[in-house]
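For the numbers below, each heavy atom of this structure counts, side chains included, while hydrogens, waters and symmetry mates do not. No experiment lies behind these values; they were computed from the predicted model shown.
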Amino acid sequence: MFYSLLDKVAELRLAGRNDTTITLLSSLFDMDIPTPGLKFNISSAEFSFQAPDTTKLPCIPEAVNLTEYITNIDPIYILHLFAAMLFERRIIITSSKLNLLSACVHAAAQLLYPLNWQHIFIPIMPARLSDYCCAPMPFLVGVHSSVMEKIRRMPLDEVVVLDCDASELEIHHDDLSIMPSDVVGPLKDMLKRHTSALDDTVPKAFLDAFVFMIGGYRDALRFREGEQIKFDAMAFIESRPKHVQPFLQKVLHLQQFQQFMMERLHRLNTGKGLSDLFENAISDSSQEAKHYLSKYADWIRSKSKKGLTETVIPGMKTAFVTISKRTKKGIKGVKRFIDEIKEDEDTAGGGAGGSTSSMGA
């Protein structure tokens with residue numbers, strides 16, 4: 001959507017319609033964030049744009065950043081950069097083309113989903129901030145090639161550098177060799193075959209890789225009545241084959257993974273449940289979804305019996321409705337859980353003066 005807006009502004013400027021450009025930009029500034037996936041009009045319906053659907057994976061060629069990245073960068077370099085970002089290295093991407101530079105930085109970060117880059121992130125770094133390239137902490141920055149000569153004279157100790165124009169990659173750690181072959185092999189084959197794929201094949205492959213690598217976190221959740229849901233790190237490691245366990249030992253110490261677990265536990269412990277592309281992918285690849293939901297349902301019921309229904313029931317309903325649509329065998333069981341929760345909700349509501357119904361209002 002952002003690129004569509006920029007293209008429209010450029011078109012108006014070239015046509016000399018400056019007043020219309022100002023009206024468009026002013027309308028954008030004043031409007032609320034559009035609903036994901038829906039079209040919206042600006043300036044009395046003269047302009048129409050499509051908001052991206054955040055419930056779906058990005059597709060090529062609609063996802064401009066991803067399209068530029070996949071079509072311009074060697075597949076093996078994409079994998080090496082992916083591994084370097086996963087292990088939170090210091091990374092510079094450089095190009096003489098600003099559009100390609102920005103696209104590659106954003107796309108590289110996008111392929112980390114469901115993790116989020118937690119460190120310095122500058123898609124196009126101004127020359128005056130070049131000292132950031134000497135920072136001792138992880139960073140992901142885009143540097144225009146005109147600034148690289150200056151940066152090359154700096155003490156770039158073990159910095160990963162991807163030159164998009166020369167198609168060269170400088171690495172100091174073979175992080176790719178640490179990753180499970182079950183992940184690297186399929187990704188490598190997919191990128192070689194689908195560099196021009198016009199669908200979500202590429203992001204889907206990276207999402208499946210994360211399902212294999214960290215999807216076992218569900219097996220490491222500990223549900224105890226009267227306590228917050230907790231994450232058992234040792235159980236997480238043991239949930240995967242032995243040849244993957246040394247890799248998971250390293251994953252536990254990554255800030256990206258730690259933040260991921262904090263956010264998941266927060267949603268679970270506040271009753272919001274988990275429903276996103278990653279959770280759906282785990283459910284699609286595992287027969288354990290119903291077992292996980294059953295344990296969460298038991299935990300929710302124990303909280304509701306203690307008069308905490310108003311804080312947990314809404315999210316519980318959302319979680320079960322979403323998963324029940326995707327797991328046909330579990331529909332009857334899910335409905336049974338929801339009916340039982342509703343009974344507890346009514347009981348708790350009556351004993352607490354109808355506090356649950358007031359939350360709904």
Side-chain angles (χ1 to χ4, degrees), residues 2-7 9-10 58-113 117 119-135 138-177 184 187-198 201-203 205-206:
F2 182 66
Y3 278 95
S4 298
L5 290 168
L6 288 180
D7 287 341
V9 169
C59 289
I60 296 174
E62 290 84 1
V64 179
N65 291 335
L66 188 61
T67 302
E68 290 286 329
Y69 189 48
I70 297 301
T71 56
N72 286 280
I73 306 302
D74 189 290
I76 193 62
Y77 293 167
I78 292 176
L79 286 179
H80 276 292
L81 197 66
F82 174 71
M85 291 185 65
L86 184 61
F87 287 103
E88 300 176 328
R89 302 297 183 188
R90 300 155 65 223
I91 302 169
I92 294 175
I93 298 178
T94 181
S95 174
S96 60
K97 305 171 185 175
L98 290 177
N99 60 329
L100 177 60
L101 181 59
S102 176
C104 289
V105 175
H106 280 288
Q110 190 175 33
L111 291 179
L112 280 178
Y113 176 83
W117 182 256
H119 311 283
I120 296 173
F121 180 79
I122 309 176
I124 298 180
M125 189 179 67
R128 66 178 184 279
L129 299 181
S130 56
D131 287 345
Y132 274 100
C133 294
C134 297
F139 57 74
L140 174 62
V141 299
V143 177
H144 191 268
S145 56
S146 62
V147 185
M148 278 303 295
E149 183 178 350
K150 173 185 177 182
I151 291 178
R152 289 287 187 185
R153 295 194 293 267
M154 297 179 176
L156 301 179
D157 183 34
E158 298 187 343
V159 173
V160 176
V161 179
L162 172 64
D163 188 328
C164 301
D165 299 338
S167 189
E168 296 177 350
L169 178 69
E170 301 173 27
I171 56 174
H172 305 273
H173 301 274
D174 190 5
D175 295 318
L176 199 59
S177 65
V184 176
L187 283 177
K188 187 180 297 183
D189 292 341
M190 179 278 304
L191 286 172
K192 287 181 179 178
R193 295 195 312 268
H194 295 286
T195 52
S196 60
L198 302 178
T201 299
V202 173
F206 280 90

Could you state the interatomic distance from [atom1] ([X]) to [atom2] ([Y]), rounded to the nearest 0.5 Å?
X: Ile124; Y: Leu129; atom1: CD1; atom2: CG; result: 13.0 Å
X: Lys97; Y: Asp165; atom1: NZ; atom2: CG; result: 6.0 Å
X: Asn72; Y: Ile78; atom1: CG; atom2: CD1; result: 9.5 Å
X: His80; Y: Glu170; atom1: NE2; atom2: CD; result: 13.5 Å
X: Asp74; Y: Glu168; atom1: CG; atom2: CD; result: 11.5 Å
X: Arg89; Y: Ile92; atom1: CZ; atom2: CD1; result: 15.0 Å

| message | Run the ring-ring contact (aromatic ring centres under 6.0 Å, His included) test on Phe139 and Tyr132 for me, step by step, so that the C-alpha distance in whole Å, both residues' side-chain angles and the decisive distance to 0.1 Å come before the verdict. | response | CA-CA 8 Å; Phe139 57 74; Tyr132 274 100; 8.5 Å; no
| query | Would a distance-only check, ignoring hydrogens and angles, find a side-chain to backbone donor-acceptor pair under 3.5 Å from Thr67 to Ala63? | reply |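 Yes.
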| Between Thr94 (side chain) and Val143 (backbone), is there a donor-acceptor pair under 3.5 Å? |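 Yes, because the side chain of Thr94 sits within donor-acceptor range (under 3.5 Å) of the backbone of Val143.
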Considering only heavy atoms from C-beta outward, does the side chain of [X] approach that of [Y] to under 4.5 Å?
X: Phe121; Y: His106; value: yes
X: His172; Y: Asp157; value: no
X: Cys133; Y: Val159; value: no
X: Leu81; Y: Ile93; value: yes
X: Val105; Y: Met125; value: no
X: Ile70; Y: Leu191; value: yes
X: Ile76; Y: Leu176; value: yes
X: Leu86; Y: Asp175; value: no

Looking at [X] and [Y], what are the two nearest heavy atoms and their distance?
X: Leu112; Y: Met85; answer: CD1-CE, 3.5 Å
X: Ala103; Y: Asn65; answer: CA-OD1, 3.4 Å
X: Ala107; Y: Tyr69; answer: CB-CB, 3.5 Å
X: Gln110; Y: Pro58; answer: NE2-CG, 3.7 Å
X: Met154; Y: Cys134; answer: CB-SG, 3.6 Å
X: Leu101; Y: His144; answer: CD2-N, 3.7 Å

| query | Stepwise, does the side-chain contact (heavy atoms from CB on, under 4.5 Å) test hold for Met148 with Val161? | reply | CA-CA 10 Å; Met148 278 303 295; Val161 179; 4.3 Å; yes
| message | What verdict does the side-chain contact (heavy atoms from CB on, under 4.5 Å) test give for Leu162 and Cys104, after you've listed the backbone C-alpha separation in whole Å, the side-chain angles of each residue and the deciding distance to 0.1 Å? | response | CA-CA 10 Å; Leu162 172 64; Cys104 289; 5.6 Å; no
| Glu149 CD: over 12 foreign heavy atoms closer than 6.0 Å |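 At most 12 heavy atoms, drawn from other residues, nucleotides or ligands, come within 6.0 Å of this atom.
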